Amino acid sequence: MANKRLTPQSQDFSAWYNEVVYRADLADLSPVRGSMVIRPYGYALWENIQGAMDGMFKASGHENLYFPMLIPVSYFEREKEHVEGFSPELAVVTHAGGKPLEEPLAIRPTSETIIGEMYSKWIQSYRDLPLLYNQWCNVMRWEMRTRPFLRTTEFLWQEGHTAHAGAEEALEETMRMVNIYAAFARDWAAMPVMVGEKTSGERFAGALRTYTIETMMRDTRALQAGTSHYMGENFARAFDITFSDEENALRYVHTTSWGVSTRMIGAIIMAHGDDQGLIMPPRLAPVQVIIVPIFRNDQREIAERVLDASDRLRQELVDVGVRVRVDAREGLSPGWKFNDWEQKGVPLRIELGPRDLEAGRVVAADRLSGEKQPLGRDEVAGVVVERLEAFHSALYARAESFRDGHSSTVDDYDSFCKHIENGWVHATHCGEPVCEQAIQEDTKATARCIPFDGLEAGGGCVRCGGPTGYPRRVVFARAY
Ligand SMILES: [Zn+2]
């Protein structure tokens with residue numbers, strides 16, 4: 001299937017997305033509606049995301065733990081906004097062991113409630129604080145409309161849950177984690193992100209503040225790639241998480257939660273891919289370099305020499321820390337293999353044939369620029385490491401200039417409606433949820449965030465003319 005042309009992005013972005021997910025072997029349909037099978041190529045990408053992020057969490061003092069998947073349904077009723085936010089999506093186990101259960105058990109849509117219950121036991125004194133825990137797990141939300149990686153009933157994620165003695169410390173943590181997400185996006189996924197706060201209309205159920213990273217896809221729509229929430233005392237009150245402070249007074253803790261999911265894979269696909277397929281950011285790419293030996297099956301001796309040389313080159317690259325494979329599949333033409341790995345988005349391809357072998361060189365092809373260049377055989381390992389770094393920077397720069405070229409600042413509603421067709425719009429807003437709602441009805445755009453380093457608000461609300469609700473402009477966009 002790999003060599004069938006993809007639907008061009010400009011023709012039907014959504015068809016392009018689905019085709020690339022399946023043809024590049026990231027995922028497959030599952031027999032259960034709305035869930036997906038993540039194949040090895042997609043899972044290796046997730047493992048690289050997970051590894052990079054987990055390192056950042058641990059370096060900032062967090063520890064991993066694991067909670068069970070089943071949560072008593074009654075727990076969800078303790079925090080009012082939380083239950084309203086999640087009850088329509090709950091999948092509930094009512095029977096087990098051939099009998100109805102006394103209390104139905106929800107499959108976790110998120111774990112605040114069960115974690116709250118345990119934290120109330122683990123936290124007694126100010127000496128127990130802060131608790132800085134994270135878990136990597138699966139969750140289930142019964143979504144009606146699903147798409148691979150973007151929205152599936154079951155997905156993989158990490159959820160961090162921390163408890164602190166006071167608001168200031170908890171807010172610092174909320175900010176620390178959204179900044180870690182932003183650094184991950186920039187330094188690993190080569191994705192520029194807008195970091196900011198959600199408007200009250202877009203906040204997480206039960207949160208007082210929600211911080212987010214928003215990134216632009218190649219169809220100019222926005223994708224929320226990670227969020228960090230400050231819960232205040234809401235969950236502490238619902239789950240009775242108290243501690244005695246230095247003066248022996250009983251106080252509620254302040255909690256945070258933060259998460260990134262397999263949606264990040266959808267973001268990487270749509271932020272970087274082109275009409276030929278995926279473009280993998282090199283630092284996360286499951287395969288950074290593919291070596292394609294050029295040989296004919298009817299010339300055994302030459303084929304063996306080429307394969308041997310390819311294998312030696314592979315080992316040299318492994319030794320300098322490059323993730324590399326040799327495509328030695330028989331009966332497939334080099335052109336077919338080139339297309340296959342281009343579709344999978346491997347950053348660099350090295351071609352090695354009998355003539356290259358004699359001339360002491362290889363040919364290197366770059367997935368982003370499409371350029372092909374001969375490299376001296378002895379310099380390959382060094383050059384490849386540099387090229388991968390340069391690839392990362394070029395990919396980031398391309399995404400950033402695309403985003404900036406599709407962003408506008410407007411002061412009146414006519415311009416707003418015009419420019420929202422072209423991408424993101426920075427505008428002054430009153431902060432009223434009904435006004436946000438009206439904008440959404442008119443234009444399908446939602447308030448993505450109030451960027452921390454955003455432009456100052458000025459004049460009245462772009463839609464209703466009312467007084468500004470925030471000191472900075474709000475970014476509106478159509479979103480996934
Ligand atoms: Zn307004």
Side-chain angles (χ1 to χ4, degrees), residues 53-54 56-86 103 105-106 108-137 139 157-181 197-198 200 203-212 226-260:
M53 247 181 217
D54 200 57
M56 293 166 106
F57 297 161
K58 286 173 181 159
S60 51
H62 301 85
E63 291 178 283
N64 287 335
L65 79 179
Y66 187 77
F67 280 88
M69 179 180 71
L70 297 173
I71 302 176
V73 164
S74 60
Y75 281 29
F76 287 86
E77 278 139 29
R78 294 202 211 160
E79 214 284 342
K80 187 172 151 290
E81 284 182 48
H82 197 64
V83 68
E84 281 170 7
F86 281 104
E103 174 167 12
L105 299 170
R108 63 182 161 216
T110 178
S111 305
E112 273 82 359
T113 57
I114 189 164
I115 287 178
E117 172 75 12
M118 298 312 292
Y119 279 14
S120 73
K121 295 187 176 137
W122 296 342
I123 299 168
Q124 307 295 333
S125 135
Y126 68 93
R127 289 180 210 90
D128 301 324
L129 296 171
L131 275 197
L132 305 173
Y133 294 159
N134 173 65
Q135 80 168 335
W136 291 96
C137 65
V139 288
W157 79 345
Q158 59 71 214
E159 47 179 326
H161 296 275
T162 69
H164 306 264
E168 198 183 329
E169 210 189 294
L171 277 163
E172 262 172 39
E173 167 77 3
T174 314
M175 187 66 85
R176 179 179 307 118
M177 298 323 290
V178 80
N179 284 330
I180 282 180
Y181 290 156
E197 181 168 356
K198 285 284 184 192
S200 56
R203 250 182 235 140
F204 180 68
L208 298 183
R209 295 227 181 134
T210 290
Y211 300 151
T212 178
T227 48
S228 180
H229 315 287
Y230 167 58
M231 303 294 191
E233 295 179 352
N234 282 351
F235 276 89
R237 287 178 185 276
F239 289 89
D240 202 28
I241 315 172
T242 57
F243 69 102
S244 47
D245 67 12
E246 285 94 327
E247 276 80 53
N248 234 353
L250 206 59
R251 286 166 48 195
Y252 286 107
V253 299
H254 289 243
T255 63
T256 82
S257 71
W258 26 275
V260 156

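Note that this is a predicted model, so its numbers are computed, not measured.
In this structure, the side chain of Tyr126 does not engage the main chain of Asn248 through any donor-acceptor pair within 3.5 Å. Between the side chain of Thr113 and the backbone N or O of Phe76, no donor-acceptor pair lies under 3.5 Å. A donor-acceptor pair is defined here as one N or O able to donate and one able to accept, closer than 3.5 Å; such a pair exists between the side chain of Arg251 and the backbone of Ala165. Arg108 places a side-chain N or O within donor-acceptor distance of the main-chain N or O of Phe67, the cut-off being under 3.5 Å.
No hydrogens or angles considered: a donor-acceptor pair under 3.5 Å links the side chains of Ser257 and Glu112. When only modelled atom types and interatomic distance are considered, Asp128 and Trp122 share no side-chain donor-acceptor pair under 3.5 Å. With no hydrogens or angles considered, a side-chain donor-acceptor pair links Ser111 and Gln135 at under 3.5 Å.
Separating the CG atom in Leu129 from the CD atom in Gln124 is a distance of 10.5 Å, to the nearest 0.5 Å. In this structure, CG in Asn134 is found 11.0 Å from CD in Glu63, a value given to the nearest 0.5 Å. Remark: Leu105 CG to Ile71 CD1 distance equals 9.5 Å, nearest 0.5 Å. Rounding to the nearest 0.5 Å places OG1 of Thr256 at 9.5 Å from CZ of Arg176. Remark: Asn179 CG to Met56 CE distance equals 10.0 Å, nearest 0.5 Å.
Taking the side chain as every heavy atom from C-beta outward, Thr227 and Phe204 never approach each other to under 4.5 Å. In this structure, the side chains of Val73 and Tyr75 stay at 4.5 Å or more apart for every pair of heavy atoms. In this structure the side chain of Ser228 reaches within 4.5 angstrom of the side chain of Thr174, judged on heavy atoms. Counting only heavy atoms from C-beta outward, the side chains of Thr162 and Met231 never approach each other to under 4.5 Å. Using a 4.5 Å heavy-atom cutoff, the side chains of Glu169 and Pro130 are in contact. In this structure, the side chains of Trp157 and Val260 stay at 4.5 Å or more apart for every pair of heavy atoms. The closest side-chain heavy-atom distance from Tyr211 to Leu171 is below 4.5 Å. His164 has its side chain out of reach of Tyr230: every pair of non-hydrogen atoms, C-beta onward, lies at least 4.5 Å apart.
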Subject >> Working for side-chain contact (heavy atoms from CB on, under 4.5 Å), residues Lys58 and Asn64 >> reply: CA-CA 8 Å; Lys58 286 173 181 159; Asn64 287 335; 3.5 Å; yes
Subject >> Glu197 and Arg209: CA distance, side-chain angles, deciding distance, side-chain contact (heavy atoms from CB on, under 4.5 Å) verdict >> reply: CA-CA 7 Å; Glu197 181 168 356; Arg209 295 227 181 134; 3.2 Å; yes
**OP:** Quick one: do Glu103 and Ser74 satisfy side-chain hydrogen bond (donor to acceptor under 3.5 Å, both in side chains)? Show the steps, please.
**Re:** CA-CA 8 Å; Glu103 174 167 12; Ser74 60; 2.7 Å; yes
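In the displayed structure, Glu168 atom CD is contacted under 6.0 Å by at most 12 heavy atoms of other residues, nucleotides or ligands.
For Asp240, the side chain to side chain contact (heavy atoms under 4.5 Å, CB included) test picks out Thr242, Tyr252, with sequence neighbours left out. With sequence neighbours excluded, the residues that form a side chain to side chain donor-acceptor pair (under 3.5 Å) with Ser60 are His62. Judged as a ring pair (Phe, Tyr, Trp, His ring centres under 6.0 Å), and not counting sequence neighbours, His161 has no contacts.
The six-membered or imidazole ring of Trp258 lies near that of Phe57, with a centre-to-centre distance under 6.0 Å.
Taking every heavy atom of both residues into account, Cys137 and Glu159 meet most closely at SG-OE2, 3.6 Å. Taking each heavy atom of Asn234 and Gly206 in turn, the nearest pair found is ND2-O, 2.9 Å. Considering all non-hydrogen atoms of both residues, Leu70 and Ile114 come closest at O-CD1, 4.0 Å. Residues Ala163 and Ile123 approach most closely at CB-CD1, 3.7 Å, considering heavy atoms.
Ring-plane geometry between Phe239 and Phe235 is classed as parallel, the angle between the planes falling under 30 degrees on a 0 to 90 degree scale with a further cut at 60.
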